[in-house]
S.K.: 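To start, I am sharing the structure in question, which I have written as structure tokens.
Heads up: numbering here begins at 1 and tracks the sequence. First listed ligand is number 1; within each ligand, the first listed atom is number 1.
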Amino acid sequence: MEAKRVYIETYGCQMNEHDTERILCLLERSCYFETKDAKEADFILINTCSVREKPEHKVYSALGRYKWLKEKRGAIIGVAGCVAQQEGNQLLDRVPYLDMVIGTHAIPMLPQLLQKIEVSGERVCETSFDRDKEYLKSILPQKPLDKVKSYVTIMQGCDHFCSYCIVPYVRGREQSRSSREIIGEVKHLSEMGVKEVCLLGQNVNSYGRGLEEAISFPELLSCINSIEGIERIRFTTSHPKDLSEELIQAFSKLKKLCEHFHLPFQSGSNKILKAMHRGYTKESYLEKIDRLKEVCPSIAVTADVIVGFPGEEEEDFKETLDLMEKVQFDDLFSFKYSPRKGTRAAQLQDKIEEKVKQERLSILQEFQKGITLRKNQELEDRVEEVLVEGQSKQSVQDVTGRTRSNKIVNFEGDLGLVGNLVPVQITKAYAHSLKGEITSAQGPSICKLQSMICNF
Ligand code: 5AD
Ligand code: SF4
């Protein structure tokens, strides 16, 4: 078979990034190899996100950029991901030079669809939801990977229907993969050199619901914890309503589970949380955070927040800032509310002006900047375990990696360290990273110390 080249542009969340990796693996089997240069590609795929308006619009500008490659080289052009799922055939109608629209459940069908276009020149659209879960089956790399971390999807979709969110409509209802399949995939990744896995799902806490086997998310974590070669486990994303005591306890029991929790709160105002249909209050969110910090004092906490949801008054915004003050997040991902067609919130009346949304976002981000820096400074002089990932972007003499709490650390060292866990003394904290020096002294993290103390 003649080798061809595929160029993929990816927008959005980790699940999209991982879908792109899976697509590349799958296409390699049909002799399509990745190129980073769109100009030489035979197939150009845009893997899209529709969670907010801004990333959604990017798909049209990206398509405009590649139109000439269709005309000049006859490249096949496709759109995948959430915008594809949402728009379906309308995308084909709107963009005459587009060949393929492939929804979030159709990834395994990609090679056949591509072949169909090659042979017949027909334009294709596949956006049906797959109840048989074929789309969740492992697509495994065939050769050792040149990376130390990998994503593993454990469930997909969401049943929560928060009033602002498009995800349940574009990723479908919650579906979990069998534990046998997930464990097989993690073992395979470990054999390919992977040291850290990040388990993905829109709501990992509800993992196991609807499966024939009786298994909870903490039980799955425990199984993965015993896989040889895997040194670190992370997961994302969680819903505060489904965060169980059993999961909190896992942070003191499972050695490989890293001390980091991403727990989106979206708003600190009970009135807004209700309108968002989140199913918890500010107080119950804070209680969960307190419990996490009790069980694992060194845990880093990050979250997502939205400003300018319809009806958000100054008082509500102050509640959000108050929650931030109380939790002291290590980092925060903040967004201006963006109405999404088809969601319940899109029909709400008391919309917030763009100018007010922007002001609130700037105030919130400025406030968080100080907290993040202070959190990073708390690590100065401490010894942290770092998993070395590769060369630092800042200096060829430096390597880069992450602490168990997911903070980036740059330090002098050679590439032979990649894939190793090394003790690094933190010498300087910045807003987005830490600088350190490799040391021989391995300091136990406070969390581990605490659990040792608790056990006595
Ligand atoms: N507008 C703004 N932010 C949104 N998010 C999800 N939907 C919207 C929306 N309509 C944010 C939430 C979510 C993150 C992935 O994106 O904070 O946790
Ligand atoms: Fe969207 Fe809410 Fe589901 Fe998260 S929990 S994916 S915000 S509907």
S.K.: In sequence, state the C-alpha distance, the side-chain angles, and the governing distance for E315 and S269, and then conclude on side-chain contact (heavy atoms from CB on, under 4.5 Å).
M.R.: CA-CA 8 Å; E315 277 311 300; S269 150; over 6 Å; no
S.K.: For atom 10 (N) of ligand 1, which candidate among S50, A303, S338 provides the closest heavy atom?
M.R.: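 Going through S50, A303, S338 one by one, S338 has the nearest heavy atom to atom 10 (N) of ligand 1.
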S.K.: With a heavy-atom distance limit of 4.0 Å, tell me whether Y164 approaches ligand 1 through its side chain, its backbone, both, or neither.
M.R.: both
S.K.: Please confirm whether D304 comes within less than 3.5 Å of ligand 1 when only nitrogen or oxygen atoms on both sides are compared.
M.R.: yes
S.K.: For E259 and S298: C-alpha separation, side-chain torsions, deciding distance, then whether side-chain hydrogen bond (donor to acceptor under 3.5 Å, both in side chains) applies.
M.R.: CA-CA 7 Å; E259 294 81 11; S298 68; 5.1 Å; no
S.K.: Which of the atoms in ligand 1, numbered in the order shown and given with their element, are less than 4.0 Å from a heavy-atom of R340?
M.R.: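 So the atoms of ligand 1 that pass are 10 (N).
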S.K.: Test of understanding: with side chain to side chain contact (heavy atoms under 4.5 Å, CB included), list the residues that count as partners of I183, not counting sequence neighbours.
M.R.: S179, K187, C223, I227
S.K.: Ligand 1 versus V51, non-hydrogen atoms closer than 4.0 Å: side chain, backbone, both, neither?
M.R.: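 Both backbone and side chain.
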S.K.: Considering residues, nucleotides and ligands other than K67, do more than 12 of their heavy atoms fall under 6.0 Å from its NZ?
M.R.: no
S.K.: May I ask you to say whether K271 pairs ionically with D350, meaning some side-chain N is under 4.0 Å from a carboxylate O?
M.R.: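 Salt bridge: no.
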S.K.: Between Q266 and ligand 1, which residue portion shows a heavy-atom distance shorter than 4.0 Å: side chain, backbone, both, or neither?
M.R.: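 Q266 to ligand 1: side-chain contact only, backbone stays beyond 4.0 Å.
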